[in-house]
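These numbers were taken from a predicted model, which means no experiment stands behind them.
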Amino acid sequence: MDIKILLAKYNEKIKTLYNKGFNKVSIEGYEKGSIRTAEAATLYSIIRECNYKNILDIGTGKGFSSLWFCQALKDNNFFDACVDSIDINKNFNENLFERFSLGSLFNFYKGSSSDVLPKLDKQYDFTLIDGEHSYRQSKEDFINVFSKLKVGGICAFHDIYSRPHPKSGPCDVL
């Protein structure tokens, strides 16, 4: 899959979404460190292109990545699908998903991914690991997610660049 070709294919839709509020400025209380708009738009394009239906987002934060994922499901007319999202804190405003008519495609689980993931009896097409960035937790998340990943699915990590300890986990796991 050539990412540049893929982004060109969805470019007009991505620009439209950005102008309708799928950007960090419109996310109340957005904090530095969250997934970037270009990254979210790229993952949106992959989800659309591959027709992924069941998505897991570990590390919800303000909900920015989950918002893009839900929109990908909506744009593919997958109303029987959902984005399951896990975070230890509920930092997002539920109105964010309702504002874009995406609430029915989103499930939030408050708690540690170590506690929540084993309880989810589901298979996923796409997962994003962007939770706690320690090596131990990043590895545990990957192991727990791998058993729930459908054949042909994708497990993506955020923040895989070289970082100083103790936040170097995603890079070290890969």
Would you please test V83 and L102 for side chain to side chain contact (heavy atoms under 4.5 Å, CB included) and show each step?
-> CA-CA 10 Å; V83 174; L102 298 171; over 6 Å; no
Residues Y124, K150; criterion side chain to side chain contact (heavy atoms under 4.5 Å, CB included); working and verdict = CA-CA 6 Å; Y124 294 97; K150 289 181 182 176; over 6 Å; no
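In terms of the ring-ring contact (aromatic ring centres under 6.0 Å, His included) criterion, Y10 has no residue partners (sequence neighbours excluded). In this view, Y18 satisfies the ring-ring contact (aromatic ring centres under 6.0 Å, His included) rule with no residue, not counting sequence neighbours. Evaluation of the salt bridge (Lys or Arg N to Asp or Glu O under 4.0 Å) rule for K148 yields no partner, not counting sequence neighbours. Checked against ring-ring contact (aromatic ring centres under 6.0 Å, His included), F126 has the following partners two or more places apart in sequence or in another chain: F69. Under the side chain to side chain donor-acceptor pair (under 3.5 Å) criterion, N76 pairs with R48, sequence neighbours left out. Residues meeting the ring-ring contact (aromatic ring centres under 6.0 Å, His included) test with Y109, sequence neighbours left out: none. Residues that satisfy the side chain to side chain donor-acceptor pair (under 3.5 Å) test with Y52, not counting sequence neighbours, are absent from this structure. In this structure, the side chain to side chain donor-acceptor pair (under 3.5 Å) partners of N93, at least two apart in sequence or on a different chain, are N95. Residues satisfying the salt bridge (Lys or Arg N to Asp or Glu O under 4.0 Å) test with K90, not counting sequence neighbours, are E94. The salt bridge (Lys or Arg N to Asp or Glu O under 4.0 Å) test applied to K110 returns no partner, not counting sequence neighbours. Among residues two or more places apart in sequence or in another chain, the salt bridge (Lys or Arg N to Asp or Glu O under 4.0 Å) test is passed with K24 by none.
Contacts classified as side-chain hydrogen bond (donor to acceptor under 3.5 Å, both in side chains) and involving residues 97-107 (residues at least two apart or in different chains) are given here: D84-N107.
The residues D125 and K53 are annotated as not salt-bridged, no charged nitrogen and carboxylate oxygen being separated by less than 4.0 angstrom.
The structure places CD1 of I35 at 6.5 Å from CG of D130, a figure rounded to the nearest 0.5 Å. Interatomic distance, OG1 of T16 versus CD of E12, reported as 6.5 Å (0.5 Å rounding). Rounded to the nearest 0.5 angstrom, K62 NZ and N89 CG are separated by 9.5 Å. With rounding to the nearest 0.5 angstrom, the CD atom of E140 is 7.0 Å from the OG atom of S112. Interatomic distance, CD1 of I46 versus CD1 of I154, reported as 5.5 Å (0.5 Å rounding). Rounding to the nearest 0.5 Å places CG of N144 at 9.0 Å from CD1 of I86.
I47 and I3 fall within a single hydrophobic cluster, where Ile, Leu, Val, Met, Phe, Trp and Tyr are joined by side-chain heavy atoms under 4.5 Å apart, directly or via other members. Connection of L6 to L73 is established within a shared hydrophobic cluster, with ILVMFWY side chains joined at heavy-atom distances below 4.5 Å, either directly or through further cluster members. Grouping the Ile, Leu, Val, Met, Phe, Trp and Tyr side chains by contacts below 4.5 angstrom, directly or via other members, places I129 with L120. Placement of F146 and L56 within a single hydrophobic cluster is found when ILVMFWY residues are connected by side-chain heavy-atom separations under 4.5 Å, directly or transitively. Under a hydrophobic clustering in which Ile, Leu, Val, Met, Phe, Trp and Tyr are joined whenever their side-chain heavy atoms come within less than 4.5 Å, directly or via other members, F100 and I55 fall into the same cluster.
Aromatic ring centres of F92 and F106 lie closer together than 6.0 Å. F22 and Y44 have their aromatic ring centers separated by at least 6.0 angstrom.
Closest heavy-atom contact between I58 and S113: CG2-CB, 3.9 Å. Summarising the geometry of F142 relative to C155, their closest heavy-atom pair is CD1-SG, 3.8 Å, with the distance given to 0.1 Å. Of all heavy-atom pairs between N23 and T37, the closest is CA-OG1, 4.3 Å. Nearest approach of G61 to D87, heavy atoms of both residues: N-OD2, 2.8 Å. Listed here is the closest heavy atom pair of L105 and C70: CD1-O, 3.5 Å. Taking each heavy atom of L7 and A41 in turn, the nearest pair found is CD2-O, 4.1 Å.
The shortest side-chain heavy-atom distance between S65 and L43 does not fall under the 4.5 Å cut-off.
Applying the 6.0 Å contact sphere to NZ of K20 captures no more than 12 heavy atoms from other residues, nucleotides or ligands. Within 6.0 Å of atom CD1 in I88, 12 or fewer heavy atoms from other residues, nucleotides or ligands are found, so the atom counts as exposed in its surroundings.
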